[in-house]
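Notes follow the structure.
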Amino acid sequence: MILILKEEVDLEGQEYQKLLDFIANFPDINVKVVEFEGETRSVREIHLIGQTHNVPEDVLGSMAGVERVVRVSTKYRQIGKHGANLEPVGFTYNGLHFDQDCLHVFAGPCAVDSPENVEETFRQLQGLGITTARMGAYKPRTSPYDFQGHGAACLPWVFELAGKYGIKAIAMEVLKESHIEEIYEELEKAGKPTGVIMQIGTRNAQNFELLKAVGSQQEFPVLYKRGMGLTVEESLNACEYIASGGNHNIIFCLRGVKSQFGAPHRNLVDFAHIPVVHRLTRLPVCVDPSHSVGSKDTSPSGIMDIFHVAAQGVISGANMILVEAHPAPETAWCDGHQSLTFDELEQFMQDVQVVRAAYEKRIDIFSSNLVKKMAA
Ligand code: PEP
Ligand code: MN
């Protein structure tokens, strides 16, 4: 059960104390305060966890300070939309807003390699008006002989260069808890010239200790990548782990699932699940066309498959795109075969704009139909 508090309620005040006193009449209920950023205001929810079936909804609903009472299923208690009964929410990080309506493109190399390439990446992104980048310092690789990333050593110059070119956030994978601390320390030392969104890669999608670690800090938002062999439900439960640690600033990323049926693409594209995640949860949804397709193969129209699948994501309302781009893909130390050049990224951005405009037209059609239905 979730109580949505009126905005003005003071958690130190009498109204809230009376509420707690009333709830204390029912045994085995834990009370947890959860704060979200709503569309028009911040929202404070009181989650009652445990045996709530005897708690009278109407009594609680009429108590001072309570705006609304919502009975929720136990599934996705934190991230769930609960039949759209709860306020739409999102979050702002370093001046960037994320919710189920936004669209951001995070572009850059798979892995940080040289300072020259990183600087050129940021310079090119700035030229395209992009303030959001991707790049890995810690890389989980299938073979132990492949480049594992520069690790903490590259963070000082990556952050400094990002600040120089106006990059507000870099999506960067973490593989273990100490990576969160390293990123935090290096950002502080550099004077926070940029921000970081902590990426949980598909290989760690059910690393519950790591999920708890990113969930128990509030400094960095989390980009959770769906497990390549996990159902939507299993992956959403993993996000529930993050949220129940206290961090609700989560973006859910679809990146394709492992299946022979996806061949010749690297993974079977799963972007049809965007509306599903939008319906079930309050999370913004990202798509990763690079790791889904895994090549720069091009259709007879001249459009790369990476562009086609990104378009499939955007036309369904994706809120973020994670795409690999490198100043010289043929020399990249990781995933060069699927990385766009910056000329290609410029075309990609044009294509995204066309498709986003089409998505917005679709929304107009269906919202005016909804208004007509309500008026009838
Ligand atoms: C990545 O985005 O750098 C990455 C390794 O992706 P995934 O975890 O989806 O394979
Ligand atoms: Mn990659």
Side-chain angles (χ1 to χ4, degrees), residues 104-113 117-118 121 132-144 146-151 154 158 169-176 179 183 196-207 210-211 214 221-230 232 234-235 238-239 242 250-259 262 265-271 273-274 277 285-296 304-306 309-310 313 318 320-341 344-345 348:
H104 297 283
V105 178
F106 282 61
C110 183
V112 171
D113 48 24
N117 283 334
V118 168
T121 296
T132 42
R134 62 144 292 139
M135 59 183 61
Y138 312 95
K139 293 303 302 175
R141 301 302 301 276
T142 306
S143 162
D146 287 339
F147 175 56
Q148 311 281 311
H150 289 306
C154 69
V158 168
I170 305 171
M172 186 174 270
E173 182 163 356
V174 289
L175 304 177
K176 56 181 178 177
H179 294 163
I183 290 174
V196 170
I197 296 192
M198 306 251 133
Q199 200 171 305
I200 297 293
T202 194
R203 290 161 188 83
N204 276 313
Q206 276 188 324
N207 180 340
L210 183 61
L211 297 174
V214 290
V222 180
L223 176 66
Y224 171 87
K225 298 189 88 172
R226 176 187 188 168
M228 62 175 100
L230 298 186
V232 168
E234 287 162 333
S235 294
C239 289
I242 301 170
I250 306 167
I251 304 158
F252 185 83
C253 181
L254 296 164
R255 45 82 71 210
V257 289
K258 211 168 185 63
S259 162
H265 290 160
R266 183 167 169 182
N267 289 288
L268 180 66
V269 181
D270 54 352
F271 298 170
H273 284 152
I274 294 166
V277 180
V285 182
C286 174
V287 291
D288 175 347
S290 305
H291 291 90
S292 297
V293 171
S295 78
K296 289 172 71 170
M304 274 184 224
D305 291 12
I306 288 177
V309 304
M320 171 171 163
I321 303 173
L322 195 66
V323 63
E324 289 184 337
H326 190 283
E330 62 291 350
T331 67
W333 293 0
C334 185
D335 282 350
H337 58 276
Q338 64 191 28
S339 298
L340 306 182
T341 63
E344 289 161 349
L345 183 67
F348 181 84

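Values below: all heavy atoms of this structure, side chains included; hydrogens, waters and symmetry mates excluded. Both counts, for ligands and for their atoms, begin at 1 and track the order of listing. FYI, the numbering just counts along the sequence from 1.
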Looking only at heavy atoms, the pair that brings Ser143 and Gln148 closest together is O-NE2, 3.5 Å
Kindly indicate, with the supporting measurements, whether the criterion side-chain contact (heavy atoms from CB on, under 4.5 Å) is fulfilled by Phe271 and Ser292. CA-CA 10 Å; Phe271 298 170; Ser292 297; 3.5 Å; yes
Protein-derived N, O or S atoms lying less than 2.8 Å from the Mn ion (ligand 2), waters not counted, sum to 4
Measure and list all N/O to N/O distances between ligand 1 and the protein that fall under 3.5 angstrom.
residue  : atom   : partner : partner atom : Å
ligand 1 : 2 (O)  : Arg134  : NH1          : 2.8
ligand 1 : 2 (O)  : Gln199  : NE2          : 2.9
ligand 1 : 2 (O)  : Lys225  : NZ           : 2.7
ligand 1 : 3 (O)  : Arg134  : NH2          : 2.8
ligand 1 : 3 (O)  : Lys139  : NZ           : 2.9
ligand 1 : 6 (O)  : Lys225  : NZ           : 2.9
ligand 1 : 8 (O)  : Thr202  : N            : 2.9
ligand 1 : 9 (O)  : Lys225  : NZ           : 2.9
ligand 1 : 9 (O)  : Arg255  : NE           : 2.6
ligand 1 : 9 (O)  : Arg255  : NH2          : 3.4
ligand 1 : 10 (O) : Arg203  : NH1          : 3.1
ligand 1 : 10 (O) : Arg255  : NH2          : 2.8

Quick one: closest heavy-atom pair of Pro327 and Asn117, and the distance? CG-O, 3.5 Å
Which atom names give the shortest non-hydrogen contact between Thr132 and Val105, and what distance separates them? OG1-O, 2.5 Å
Pair His291-Glu324, side-chain donor/acceptor within less than 3.5 Å: yes
Closest non-hydrogen atoms of Ser290 and Gln338, given as atom of the first, atom of the second and distance, are O-OE1, 3.3 Å
Walk me through whether Lys225 and Leu322 qualify under side-chain contact (heavy atoms from CB on, under 4.5 Å). CA-CA 11 Å; Lys225 298 189 88 172; Leu322 195 66; 3.6 Å; yes
Do NZ/NE/NH1/NH2 and the carboxylate oxygens of Arg266 and Asp335 come within less than 4.0 Å? yes
For His326 and Asp113, run side-chain contact (heavy atoms from CB on, under 4.5 Å): C-alpha distance rounded to whole Å, both residues' side-chain angles, the deciding distance at 0.1 Å, then the answer. CA-CA 10 Å; His326 190 283; Asp113 48 24; 2.8 Å; yes
